Amino acid sequence: ADHNISLESMGVTVNAVAGALKAFFADLPDPLVPYSLHQELLETSKIMDKTERLHELKEIVKKFHPVNYDVFRYIITHLNRVSQQYKTNYMTADNLSICFWPTLMRPDFENREFLSTTKIHQSVIETFIQQCQFFF
């Protein structure tokens, strides 16, 4: 809550902060992106028309529980800001989505069927990061 705290001056690295954030989401009882919407996200990602796909994704995000929606909006908006500095930090929306989609969606890596859709899940999170102003 204190915006005057400087993690950098305390010697806390960016990687430590990102790791703590990912650990927080991993420890939640349910993933931030509800399991009940995963299949719908997969189906929507197959829509070829970009405008239609974005509008459908926006409708799915509206189905999130209000708390999940607020946190998702915050984290995706933050990741968008990070991606805008990719020339300095090398973290494009693609790189960020690779790092964060498993944390935000918490997939079942034991399920062989799921393994074939990992790139699609990653691309959904990438779309949210790239187009966050449209979604939120």
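Just so you know, residue 1 is the first one in the sequence shown, and it goes up from there. Since this is a predicted model, take the numbers as computed values, not measurements.
- For Ser97, the side chain to side chain donor-acceptor pair (under 3.5 Å) criterion is met by Gln122, not counting sequence neighbours.
- The side-chain contact (heavy atoms from CB on, under 4.5 Å) test with Gln131 singles out one residue from Leu54, Ile76, Leu57, and that residue is Leu54.
- Following chains of ILVMFWY side-chain contacts shorter than 4.5 Å, one can reach Leu21 starting from Leu96, so the two form part of one hydrophobic cluster.
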Quiz item: What do the steps show when you test Ile98 against Asp94 for side chain to side chain contact (heavy atoms under 4.5 Å, CB included), and what is the final call?
Solution: CA-CA 6 Å; Ile98 289 168; Asp94 180 56; 3.8 Å; yes

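- Considering CZ of Phe135 and NZ of Lys62, their distance stands at 11.0 Å, rounded to 0.5 Å.
- Looking only at distances, no side-chain donor or acceptor of Arg53 sits under 3.5 Å from a matching main-chain atom of Ser45.
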Quiz item: Going through the distances and angles, do Ile129 and Ile125 end up as a side chain to side chain contact (heavy atoms under 4.5 Å, CB included)?
Solution: CA-CA 6 Å; Ile129 294 169; Ile125 296 300; 4.0 Å; yes

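- In the hydrophobic clustering of ILVMFWY residues, with side-chain heavy atoms under 4.5 Å counting as a link, Phe24 and Leu104 come out together.
- Without hydrogens or angle criteria, Asn95 side chain to Tyr90 main chain gives a donor-acceptor distance under 3.5 Å.
- Applying the side chain to side chain donor-acceptor pair (under 3.5 Å) rule to Ser6 yields the partners Ser9; only residues at least two apart in sequence or on another chain are considered.
- The NZ atom of Lys87 sits 13.0 Å away from the OG1 atom of Thr92 when rounded to the nearest 0.5 Å.
- In this structure, Phe25 has its ring center at least 6.0 angstrom away from the ring center of Phe100.
- By the side-chain contact (heavy atoms from CB on, under 4.5 Å) test, Met48 is found to be paired with no residue, residues two or more places apart in sequence or in another chain being considered.
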Self-check item: Candidate pair Leu41 and Met105, rule side chain to side chain contact (heavy atoms under 4.5 Å, CB included), full reasoning
Solution: CA-CA 11 Å; Leu41 287 167; Met105 298 183 82; 3.9 Å; yes

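- Under the rule for a side chain to side chain donor-acceptor pair (under 3.5 Å), Glu52 has no partner lying at least two apart in sequence or in another chain.
- Proximity of Val124 to Trp101: side-chain heavy atoms (C-beta onward) are nowhere separated by under 4.5 Å.
- Legend: residues meeting salt bridge (charged side-chain N to carboxylate O under 4.0 Å, His left out) with Arg73, ordered by chain and number and at least two apart, are Asp70.
- Residues satisfying the salt bridge (charged side-chain N to carboxylate O under 4.0 Å, His left out) test with Lys50, not counting sequence neighbours, are none.
- Under the side chain to side chain donor-acceptor pair (under 3.5 Å) criterion, Thr51 pairs with no residue, sequence neighbours left out.
- Across all their heavy atoms, Pro29 and Arg106 have their closest contact at O-NH1, 3.7 Å.
- With sequence neighbours left out, the side-chain contact (heavy atoms from CB on, under 4.5 Å) criterion links Gln133 to Asn80, Gln84.
- Within the structure, the ring-ring contact (aromatic ring centres under 6.0 Å, His included) test picks out the following pairs touching residues 44-64 (sequence neighbours left out): His55-Phe134, Phe64-Phe72.
- With sequence neighbours left out, the ring pair (Phe, Tyr, Trp, His ring centres under 6.0 Å) criterion links Tyr86 to no other residue.
- Residue pairs that meet the salt bridge (Lys or Arg N to Asp or Glu O under 4.0 Å) test with at least one member in residues 126-136, sequence neighbours left out, do not exist here.
- Using modelled atom types, one side-chain atom of His38 and one backbone atom of Val33 make a donor-acceptor pair closer than 3.5 Å.
- Note: Asn68 CG to Leu28 CG = 8.5 Å, rounded to the nearest 0.5 Å.
- Residue pairs meeting the salt bridge (Lys or Arg N to Asp or Glu O under 4.0 Å) criterion with at least one member in residues 16-40, sequence neighbours excluded: Glu40-Lys63.
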